[in-house]
Amino acid sequence: MNTLRRFGVALIMIWMVVTLTFFMIRLMPGNPIFDAYQTLLQQGVPSQQALVQIHILYDVYPNQSVVVQYLLYMWHLLHGNFGTSVVYTGRPVLPIILAAAPWTLLLVSIGLTISFFIGLLLGVLIALHRNTWFDNLMSQLASIFHGIPNYITGFVFLYFFTVILNWFPFGNIYNPAIHPGFSYGFVASVAYHSVLPIAAYVFGAFGTWTLSTKSAAMAVLGDDFTMADRIRGLTSEQQLEHLVHNSVLPLFTGFVLSLGIMFGGAVFIEETFSIPGLGYLVATSTAQRDYPVMQGVFLVLAGAVIVANFLADTLYSRIDPRIRV
Amino acid sequence: MVISAPADTPRRRAPSSGVVGIFLSRPMRVVGLIILVLYLFMAILGPVVFPPSVALVANPAKIYQGPTWADPLGTDFQGVSVLAEIVLGARGVLMVGVGAAFLIVIIGVGMGLMAGFTGGFVDAVLMRITDVFIAIPQFPLLLLVATILNASSPWLIILMLSLTSWGGLARAVRSLTLSLRERDFVEAARGLRLGTRLITTRVILPNMLSYVAMNFMVSITGAIYAEVGLLFLGITPFTPDNWGVMLHEADGVSGALYTSSSILYVLSPMIAILLLQAGIIFVLGALDEVFNPRLRTGATR
Amino acid sequence: MSEIALSVNNLVVEFPTDSGPLRAVDRVSFELERGTIMGLIGESGCGKSTVAFALLNSVPTPGQIVSGQVDYPGVGDLLKMSDEAQRLFRWQHVAVVFQASQNTLNPLRRIDEQIRELATAHRMRDPKALLERADSLCRRLRLDSRRVLHAYPHQLSGGMKQRVGIMLALLLQPDILVFDEPTTALDGLSQESVLQIIREIHDEEGLTGIFITHDLGIVSEVADTVAVMYAGRMVERASSHTIFSGPKHPYSQALMNALPRLSGDPHLARGLRGSPPKVIGDQFKCLFRDRCEYRMEVCDQSEPQLIQVAGEDAQVACFLHGKEVERVSV
């Protein structure tokens with residue numbers, strides 16, 4: 001029942017995001033479609049023909065009322081029709097997005113997992129060595145890394161490891177000379193090209209996980225059962241297990257949410273390393289003013305956050321016995 | 001290995017008393033303060049020390065020079081002094097950062113207070129709106145809005161940055177308000193029929209001031225990253241002197257990425273951002289103590 | 001003289017603070033006879049719980065046992081044992097019943113899982129035997145064992161959790177049980193039932209234990225001997241009967257006076273003003289003098305030691321009883 005309610009809320013949120021973006025693009029000053037129509041008129045195209053051209057490009061009639069446009073857009077969306085690209089004329093948006101999504105998913109999930117485990121390890125170690133030089137050093141480092149935008153880590157990695165040291169390839173996610181497929185060469189090429197972007201993710205994110213783990217672990221260490229475990233003569237391994245298990249729980253929600261949020265954060269790293277993922281698609285379509293693609297990717301990114309939110313809530317009640325009903 | 005409760009008593013090198021004492025108790029805090037003051041000077045006096053009409057003129061004879069006395073950070077792909085670019089960039093970056101943080105705090109605190117204190121239907125509506133703003137991926141939304149508005153004025157950028165990032169603060173302020181509402185002193189104020197406006201501004205707000213102040217500082221860094229990021233991607237039109245533009249050009253037109261002699265030019269804007277971040281973090285720790293006297297005495301539980 | 005189960009000698013525990021090491025426990029010595037329960041009483045912060053932790057060498061960080069011996073005859077000085085030996089000693093020889101308000105059970109493990117962990121930790125080959133023992137203990141403590149053993153801690157009520165705590169403490173058949181304010185956080189009814197259980201076990205098996213509380217009424221019900229602590233020092237030790245019929249130390253007297261009685265004038269119950277001092281460094285005066293109504297000149301000049309009261313089964317650290325007695329400890 002609860003799950004059903006959460007699912008409903010998630011659907012409503014997605015609808016709100018769709019509506020918000022639609023009206024934002026249509027109603028803001030500098031409406032791109034209207035601009036394009038005006039440009040065509042100025043170029044001397046007869047208004048009837050201009051309307052047809054706009055219709056082919058954007059799938060809307062500029063003189064239609066906004067409400068009709070909105071209902072039409074929603075109708076198409078419900079049928080999986082995200083419109084067609086303006087720049088790559090006639091190419092539907094959905095396949096473009098679906099081709100980009102796997103690369104983002106690959107980098108984000110691996111990068112997030114690695115940074116989570118590094119953060120978990122460091123956070124627990126810091127909490128166990130509270131008020132030592134290790135704590136002071138690592139906590140400061142973690143707070144500084146926590147705030148570093150990943151375009152900086154990405155840029156530094158790119159510059160040092162490709163320009164100066166020449167250890168890694170420059171840009172793209174695989175060697176274009178290799179035919180994509182589940183061959184050893186292709187997978188190896190992808191892995192080789194992924195090292196730097198993933199490292200950039202990890203460096204941008206492990207500080208956050210370290211800090212959250214630290215505060216969660218400190219809270220657990222202050223709990224009475226930690227003291228009792230020791231007095232009951234449990235082994236260090238058992239005590240550590242209890243500490244880690246209890247510290248991970250409050251991080252779980254954040255971890256799942258991050259999976260959704262990092263899809264959107266992928267923009268910089270994908271742009272820096274020229275990886276054809278969703279973030280890159282957002283950046284290029286924005287630069288080219290390709291509105292249907294922009295809008296489509298944007299919906300997918302927002303949807304990822306909402307879905308992650310739904311998953312986090314639903315899954316959490318399954319791993320914490322205190323929430324279970 | 002011994003697994004035990006953490007010590008609650010951090011040992012201080014010197015007994016800390018007053019704001020000055022809190023800063024002096026850890027050398028890093030003094031460093032942080034010095035960094036922030038330095039940036040403030042750069043923002044205010046930058047154009048006096050390096051008049052843009054002179055300092056930013058291209059000089060093909062000096063492209064990618066190493067550090068000299070005249071140009072301690074070397075020169076860029078146009079032969080312009082990197083130091084001058086960094087110093088002149090500070091004003092725009094800081095202004096956008098502080099301005100956006102200010103607006104974020106106003107919107108976030110306003111929404112959170114209203115939702116938390118009024119409750120009921122208003123709360124439900126405001127929080128759903130907040131949820132949508134949290135769910136929308138901030139940076140892509142920023143890209144979208146920036147493109148549509150074709151934003152070039154710093155004020156527009158400030159507005160965009162704050163409109164896309166107040167959600168988290170609003171949520172936190174709402175739950176703080178909810179917990180404060182149940183406290184005795186707020187109950188007492190309500191018993192006296194002091195009125196919503198008076199209670200929220202005079203009773204509840206002062207009690208979350210420390211949290212809001214910390215959030216303000218964190219928002220500054222967040223806004224700066226986003227602003228520099230926008231310029232880095234080349235989405236917002238150029239303002240000639242900004243660290244983000246330096247990064248954008250380093251990544252693109254300058255060809256800096258094909259030569260290692262550009263190292264100072266590539267690293268300088270990044271280090272400028274990181275130093276600012278470090279300064280804010282160091283000072284943040286001190287602020288935390290100023291606002292929470294509990295941390296100062298280090299009393300055991 | 002009966003058998004000694006525990007002898008503590010000159011125990012000193014310090015906590016580092018900004019202004020120097022805080023003496024939480026200062027030169028405390030006592031012996032515990034097998035088959036008896038010693039009540040350890042005093043205001044909160046007087047060091048009684050710290051003594052309990054020290055008996056297991058588990059003083060919470062940053063506290064430290066600075067000097068002294070915690071000798072268990074037949075086993076030796078706990079403080080000189082290896083870490084692993086100390087770990088196995090804990091709970092097998094000395095177990096603790098914690099304060100009920102404390103959540104001393106891991107919230108993410110069922111009770112039976114926590115019992116299995118105890119079996120593993122204490123190198124028992126057959127965890128099933130331990131579960132069976134838990135089962136029979138549960139029945140004895142009037143707990144529905146099938147429900148309780150499969151429950152998570154949050155599914156148990158406060159009174160049930162406390163009985164589970166007693167069950168866990170008895171599980172490995174320890175020589176000595178430490179009760180750390182076991183009834184403080186319970187409501188009256190659960191309090192009475194927990195006390196009754198403790199009395200039953202004591203009567204049936206001759207429990208050896210230390211009962212820490214600030215509730216004198218409870219001490220009079222369960223303890224054979226009583227030790228009073230003040231500001232980290234032991235100020236009086238006597239048999240339960242002796243101390244309740246005539247406390248010697250002014251502080252013990254004040255504690256007794258603060259106790260409201262069922263019979264007699266309730267207005268006679270008087271609270272004790274002020275609070276105990278925090279002791280940093282050596283003191284060469286009586287620590288109670290500021291709150292004492294019998295304050296004398298000597299109290300400001302030297303520190304009273306715990307000495308035998310002539311002709312009585314009591315020791316007291318007060319100059320009022322200085323003349324008619326001989327020194328026993330440091």
Side-chain angles (χ1 to χ4, degrees), chain A residues 120 123-136 139 213-255 315-325, chain C residues 16 49 52-63 83-110 113-124 150-155 161 165 168-169 171-172 174 178 180 185:
Chain A
L120 189 68
V124 167
L125 282 179
I126 291 174
L128 285 175
H129 297 93
R130 182 92 180 105
N131 288 329
T132 59
W133 63 268
F134 180 77
D135 172 21
N136 285 334
S139 296
T213 309
K214 174 190 163 190
S215 71
M218 297 274 299
V220 176
L221 284 176
D223 275 344
D224 293 320
F225 76 82
T226 304
M227 171 267 298
D229 275 355
R230 181 167 148 75
I231 287 182
R232 291 200 184 104
L234 294 195
T235 60
S236 300
E237 294 77 36
Q238 287 174 322
Q239 294 182 49
L240 193 64
E241 200 189 316
H242 287 195
L243 172 63
V244 171
H245 190 175
N246 279 277
S247 311
V248 162
L249 276 197
L251 304 178
F252 176 78
T253 306
F255 180 78
L315 292 179
Y316 189 78
S317 62
R318 274 162 215 260
I319 59 163
D320 190 337
R322 285 162 294 189
I323 307 289
R324 215 175 284 169
V325 248
Chain C
S49 290
F53 285 121
L55 296 183
L56 289 154
N57 194 14
S58 296
V59 178
T61 44
D83 285 351
E84 181 65 3
Q86 286 193 29
R87 180 180 77 70
L88 290 169
F89 176 88
R90 294 186 189 116
W91 221 253
Q92 286 186 35
H93 289 264
V94 180
V96 182
V97 176
F98 298 99
Q99 197 172 319
S101 66
Q102 298 184 312
N103 292 309
T104 54
L105 297 164
N106 184 346
L108 305 180
R109 298 270 199 286
R110 293 175 200 273
E113 287 169 331
Q114 309 206 19
I115 292 172
R116 276 175 203 280
E117 283 180 329
L118 266 178
T120 316
H122 291 279
R123 300 177 182 171
M124 307 179 102
H150 289 104
Y152 284 100
H154 73 277
Q155 294 168 326
K161 243 189 259 183
L168 287 176
L171 205 54
L172 303 186
V178 175
D180 187 8

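Per chain, numbering begins at 1; letters A, B, ... match sequence-line order.
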Discussion item. According to salt bridge (Lys or Arg N to Asp or Glu O under 4.0 Å), who are the partners of C:Asp180, at least two apart in sequence or on a separate chain?
Written reply: none
Discussion item. Test side-chain contact (heavy atoms from CB on, under 4.5 Å) on C:Phe53 and A:Ile231; report intermediate values, then the result.
Written reply: CA-CA 8 Å; C:Phe53 285 121; A:Ile231 287 182; 3.4 Å; yes
Worksheet item: Which bit of C:Leu172 is near chain A, if near means a heavy-atom gap under 4.5 Å: side chain, backbone, both or neither?
Response: neither
Discussion item. If I measure from the heavy atoms of chain A, does C:Leu88 come under 4.5 Å with its side chain, its backbone, both, or neither?
Written reply: neither
Discussion item. Under a 3.5 Å threshold, yes or no: a donor from one side chain and an acceptor from the other, between C:Asn103 and A:Asp223?
Written reply: no
Discussion item. Taking ring pair (Phe, Tyr, Trp, His ring centres under 6.0 Å) as the definition, give me every residue that meets it alongside C:Phe89, ordered by chain and number, with sequence neighbours left out.
Written reply: C:Tyr72, C:His93
Worksheet item: CD of A:Gln238 to CZ of C:Arg87: how many Å apart, nearest 0.5 Å?
Response: 7.0 Å
Fill in: Closest approach of C:Phe98 to A:Arg232 (non-hydrogen atoms, all atoms of both residues)
CE1-NH2, 4.0 Å
Item to complete: Give me the one residue out of A:Thr226, A:Asn246, A:Asp229 that meets side chain to side chain donor-acceptor pair (under 3.5 Å) with C:Asn106.
Response: A:Asn246
Worksheet item: Can you pull the salt bridge (charged side-chain N to carboxylate O under 4.0 Å, His left out) pairs that have at least one residue in residues 89-98 of chain C, sequence neighbours excluded?
Response: none
Worksheet item: In terms of heavy-atom pairs under 4.5 Å with chain A, which of C:Leu105, C:Leu56, C:Leu168 leads?
Response: C:Leu105
Response to the item:
Checking heavy-atom separations under 4.5 Å from chain A, one finds in residues 116-123 of chain C C:Glu117, C:Leu118, C:Thr120, C:Ala121, C:His122
